[in-house]
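Here's the structure we're looking at; comments come further down.
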There are 2 protein chains.
Amino acid sequence: MIPPPAPRAGRAGSGAAAGAPAGVPPGGAPSSIRDVATAAGVSVATVSRALRGLDRVSADTRRRVLAAAEALDYVASPTAASLATGRTSVVGVVLPFLDRWFFSTVVSEVEDVLRRSGYQVLLLNVGDRSLERPMVLDQRLLAKRIDGVLVLSVDLDAEETGVLDRLGLPVVTVGSALPGHDRVGIDDGAAVETAAQHLLALGHRRIAHVGGDSGTDVRRATAVDRALGVRRAMAAADVALPGQLDVVADWTVTGGWRAAEALLARRDPPTAVLAASDEMAIGALCAARALGWDVPRHLSVVGVDDHEMAVTHDLTTVAQPVRSQGRLAAEMLLGRLRGHVPAGAREVLLSTSLVVRASTAPPRREVRPRRRVVLGRQVLAAVGGDVEHARGQEERGAPTNR
Amino acid sequence: MIPPPAPRAGRAGSGAAAGAPAGVPPGGAPSSIRDVATAAGVSVATVSRALRGLDRVSADTRRRVLAAAEALDYVASPTAASLATGRTSVVGVVLPFLDRWFFSTVVSEVEDVLRRSGYQVLLLNVGDRSLERPMVLDQRLLAKRIDGVLVLSVDLDAEETGVLDRLGLPVVTVGSALPGHDRVGIDDGAAVETAAQHLLALGHRRIAHVGGDSGTDVRRATAVDRALGVRRAMAAADVALPGQLDVVADWTVTGGWRAAEALLARRDPPTAVLAASDEMAIGALCAARALGWDVPRHLSVVGVDDHEMAVTHDLTTVAQPVRSQGRLAAEMLLGRLRGHVPAGAREVLLSTSLVVRASTAPPRREVRPRRRVVLGRQVLAAVGGDVEHARGQEERGAPTNR
DNA sequence: TTGTAAGCGTTATCAA
DNA sequence: TTGATAACGCTTACAA
């Protein structure tokens with residue numbers, strides 16, 4: 001025990017912390033709670049209480065402390081506070097991409113809500129599954145570093161879920177469901193069903209489906225749910241969805257573009273394309289245009305999301321409340337962090353709505369040559385040729401009027 | 001599995017930290033460096049050294065320590081480490097929006113680079129200046145919390161700059177310049193000049209300019225530089241840029257849309273629109289389409305950025321290397337953080353390049369009725385009517401072949 | 001090569 | 001209402 005020697009003489013001794021902060025105009029060296037205590041003529045404990053607005057501090061003392069803190073330009077070290085309390089005021093946000101509209105929008109909203117409540121956001125980009133998955137959800141990177149977790153639309157594997165559970169922190173998900181944790185999302189199946197019903201109502205019977213990849217992608221649940229929705233709607237309408245028209249892409253514009261390219265190049269192309277996301281739908285739109293097809297004259301296209309760029313393509317889509325989901329998820333997490341929440345995982349599904357723009361219209365021709373009414377006549381080839389012809393004709397200009 | 005009873009018996013004393021981590025399947029209670037030391041039969045100092053790969057540790061000892069740590073599922077508390085070292089392994093990223101393509105893309109890249117080097121990203125969304133600016137750059141929120149700062153395209157005011165300087169941390173900016181700090185960006189003026197020259201080379205003489213708002217927006221410098229670039233190019237070509245054709249929008253699709261709407265509604269509309277960003281250019285494209293104008297037949301549109309959606313609109317633009325800027329900025333910051341950097345602020349300007357797509361073409365008609373060669377004939381009205389007519393005609397179908 | 005112990009800056013317990 | 005003081009968990013001189 002050698003406490004008495006020097007009050008706090010040689011401070012620069014230990015940590016590299018005491019380097020020599022270059023620009024420190026007003027204050028000088030970053031002052032600690034001790035300096036404030038000395039200046040105010042009280043103990044550090046009192047300073048701590050006064051500064052945090054706890055009671056058991058006389059009005060006069062508090063005033064003095066505040067003045068001293070102000071004068072010294074004192075700011076408490078969040079690190080030290082964290083070490084002492086175990087709380088960090090930081091929320092980790094787990095997501096697969098940051099540069100995709102949905103995610104950046106949700107995070108933007110989340111950040112806003114959390115910031116207003118004094119929390120900061122730590123990005124935990126786990127990337128796409130198709131790539132080597134960096135171990136972002138590593139115990140050692142998160143333990144003691146965050147107070148809560150927000151999982152955005154990423155399906156975690158057993159290992160990652162384990163890490164999360166082991167952390168023992170409140171978790172709220174957006175999109176993907178995580179057993180035992182709060183969740184906010186939309187009914188993906190219903191959303192896509194709406195889109196399909198729209199096409200069916202317009203009279204389309206030869207509909208192609210560009211689903212989201214559920215294999216390597218992180219958004220497996222979303223992909224699966226949306227695919228199921230399409231099948232459900234088609235089945236309900238008693239319209240077949242032939243395997244050749246039921247393809248999968250990687251959720252991107254390029255992916256949708258390529259998928260549609262293949263679809264439209266068929267001898268028996270669809271009259272409509274239902275994409276599981278607007279980005280893919282926009283890709284399909286581009287593919288059609290590149291091939292000289294007019295949308296919606298030759299092809300109807302519908303997507304899901306109401307991406308901010310959907311309107312620029314006059315894309316008909318099923319809108320989901322993106323910002324609201326982020327906001328709600330953040331608020332639910334805040335509730336957990338503050339402790340005043342019922343207990344028991346809650347799930348909130350926000351509703352979606354069809355936004356009809358100009359990318360959909362009734363099918364132009366009776367393009368249901370051999371499907372369904374397959375009563376003996378095997379005219380596949382002939383019809384295929386016919387379609388090709390018609391398209392070629394229109395492609396090179398002079399489309400019929402009206 | 002309930003490992004060894006409780007090597008950490010009466011520790012739960014102080015902080016609220018020791019709540020009672022709900023789900024802790026494998027490890028039990030979070031073990032500390034002490035447990036590892038005990039288990040390995042060495043001192044905590046040795047454990048610290050061994051675990052951090054420092055030398056002065058015998059191979060054998062290191063092995064034992066690693067084994068013990070592994071067995072105990074030990075993970076060092078970053079908080080405690082920060083308190084001791086003064087470093088946090090966290091970088092703050094200051095930005096105005098997170099839900100705009102440029103920013104989310106840059107952040108995505110930044111996060112990737114930093115994560116691979118063991119740094120985490122803390123979002124510091126300062127929002128748009130036009131709104132009440134939250135004090136995100138508050139001393140007390142940042143002090144001791146981050147090791148470095150990345151400022152993305154936001155012009156800070158004196159107060160904010162002060163906070164940053166007072167922090168005494170390495171700072172690197174993307175876009176906006178901050179005196180005394182490293183910077184990576186593009187030559188905004190040159191980029192726009194390229195776009196303008198492209199239009200001029202095509203023969204356009206009546207060019208409208210939709211600049212970015214430099215008033216309330218955070219990206220003032222970018223707005224100003226780009227506007228200057230346009231003026232420079234026009235002046236060099238000795239082509240006038242009448243005030244009525246030189247407008248400003250808020251960088252968004254909607255903003256560009258509205259601006260173009262007004263421009264095209266004029267009796268003497270431009271033959272081309274040069275927007276300071278692709279988002280605004282896309283908006284202009286939409287405005288034209290909504291009015292029944294064909295691009296590039298009736299109007300050429302060029303933007304700047306090469307937004308990911310530019311290709312879906314076949315937009316001619318001047319591409320800037322967005323990801324590279326993020327990557328480079330992050331790397332420069334890492335260099336500073338590691339200390340091995342020359343000293344003295346560095347500036348790196350990446351080059352931009354014209355990407356010609358299908359939104360630009362030579363002006364269709366001699367649309368320079370009264371501008372420049374104003375030799376007596378005041379045919380404004382007539383020409384205006386002519387244009388209206390031609391447009392209306394083409395609008396309703398039957399475009400000429402080829 | 002390893003151990004001892006003094007910080008790092010707060011918070012929180014327990015007396016006073 | 002205050003003040004000592006023991007944690008918090010780790011790093012790092014300095015000794016051994």
Side-chain angles (χ1 to χ4, degrees), chain A residues 1-19 29-38 40-52 54-62 64-65 69 74-89 140 143-145, chain B residues 8 10-19 29-38 40-52 54-62 64-65 69 74-89 140 143-145:
Chain A
M1 304 299 151
I2 310 178
R8 305 224 82 253
R11 278 283 275 310
S14 157
S31 42
S32 83
I33 196 174
R34 220 114 115 192
D35 305 318
V36 179
T38 306
V42 295
S43 71
V44 294
T46 299
V47 172
S48 180
R49 288 185 214 114
L51 256 30
R52 284 181 301 151
L54 300 186
D55 42 9
R56 268 85 194 297
V57 176
S58 76
D60 179 56
T61 302
R62 168 159 294 147
R64 287 214 317 282
V65 171
Y74 169 72
V75 356
S77 157
T79 311
S82 291
L83 184 57
T85 64
R87 287 175 250 109
T88 63
S89 291
R140 67 208 61 198
K144 297 285 185 173
R145 185 149 254 177
Chain B
R8 322 192 62 267
R11 281 286 274 309
S14 154
S31 42
S32 83
I33 197 174
R34 224 119 108 192
D35 306 318
V36 179
T38 306
V42 296
S43 71
V44 294
T46 301
V47 172
S48 178
R49 292 186 207 111
L51 255 30
R52 284 182 302 149
L54 300 186
D55 41 10
R56 268 82 191 301
V57 176
S58 76
D60 179 56
T61 302
R62 169 159 293 148
R64 287 213 317 283
V65 171
Y74 170 72
V75 356
S77 157
T79 311
S82 291
L83 185 56
T85 64
R87 287 175 248 111
T88 64
S89 292
R140 66 208 63 198
K144 296 283 184 176
R145 185 148 253 176

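Nothing here was measured: the structure is a model prediction, and the numbers come from that model. Below, chains carry the letters A, B, ... as their sequence lines are ordered, and counting in each starts from 1.
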Please state how far atom CG in A/Leu54 lies from atom P in C/dT11, giving the value in whole angstrom units. 9 Å

When rounded to the nearest 0.5 angstrom, what distance separates OG1 in A/Thr61 from CZ in A/Arg49? 10.0 Å

Below 4.0 angstrom from OP1 or OP2 of C/dT10, is there any side-chain N or O of A/Ser77? no

Any donor-acceptor pair under 3.5 Å from B/Ser82 side chain to A/Thr79 backbone: no

Student check: side-chain heavy atoms of B/Arg87 and B/Pro78 closer than 4.5 Å: no

Here the gap from A/Leu54 atom CG to A/Thr46 atom OG1, rounded to the nearest 0.5 Å, amounts to 11.0 Å

Rounded to whole Å, the CD1-C1' distance (A/Ile33 to D/dT2) equals 14 Å

Give, for atom CD1 of A/Ile33 and atom OH of A/Tyr74, the distance between the pair rounded to the nearest 0.5 Å. 4.5 Å

A/Thr85, nearest nucleotide to its side chain (from D/dT11, C/dT11, C/dG9): C/dT11

Sub-3.5 Å pairs of nitrogen or oxygen atoms, protein against nucleotides 2-4 of chain C:
{"residue": "C/dT2", "atom": "OP1", "partner": "B/Ser58", "partner atom": "OG", "Å": "3.0"}
{"residue": "C/dT2", "atom": "OP1", "partner": "B/Thr61", "partner atom": "OG1", "Å": "2.2"}
{"residue": "C/dT2", "atom": "OP2", "partner": "B/Ser58", "partner atom": "N", "Å": "2.7"}
{"residue": "C/dT2", "atom": "OP2", "partner": "B/Ser58", "partner atom": "OG", "Å": "3.4"}
{"residue": "C/dT2", "atom": "OP2", "partner": "B/Thr61", "partner atom": "OG1", "Å": "3.3"}
{"residue": "C/dG3", "atom": "OP2", "partner": "B/Ser43", "partner atom": "N", "Å": "2.9"}
{"residue": "C/dG3", "atom": "OP2", "partner": "B/Ser43", "partner atom": "OG", "Å": "3.2"}
{"residue": "C/dG3", "atom": "OP2", "partner": "B/Thr46", "partner atom": "OG1", "Å": "2.6"}
{"residue": "C/dG3", "atom": "N7", "partner": "B/Arg49", "partner atom": "NH2", "Å": "3.0"}
{"residue": "C/dG3", "atom": "O6", "partner": "B/Arg49", "partner atom": "NH2", "Å": "2.5"}

Gap between atoms CG and P, on A/Leu83 and C/dT11 respectively (whole Å): 11 Å

Give a yes/no on whether any side-chain N or O of B/Arg87 is located under 4.0 angstrom from OP1 or OP2 of D/dC10. no

In whole angstroms, how far is the P atom of D/dA4 from the CZ atom of A/Arg34? 12 Å

d(CZ, A/Arg52; C1', C/dT10) in whole Å: 8 Å

Grab the CG-P distance between B/Leu51 and D/dC10 for me, whole Å please. 9 Å

CZ-OG distance between B/Arg34 and B/Ser43, expressed to the nearest 0.5 angstrom: 12.0 Å

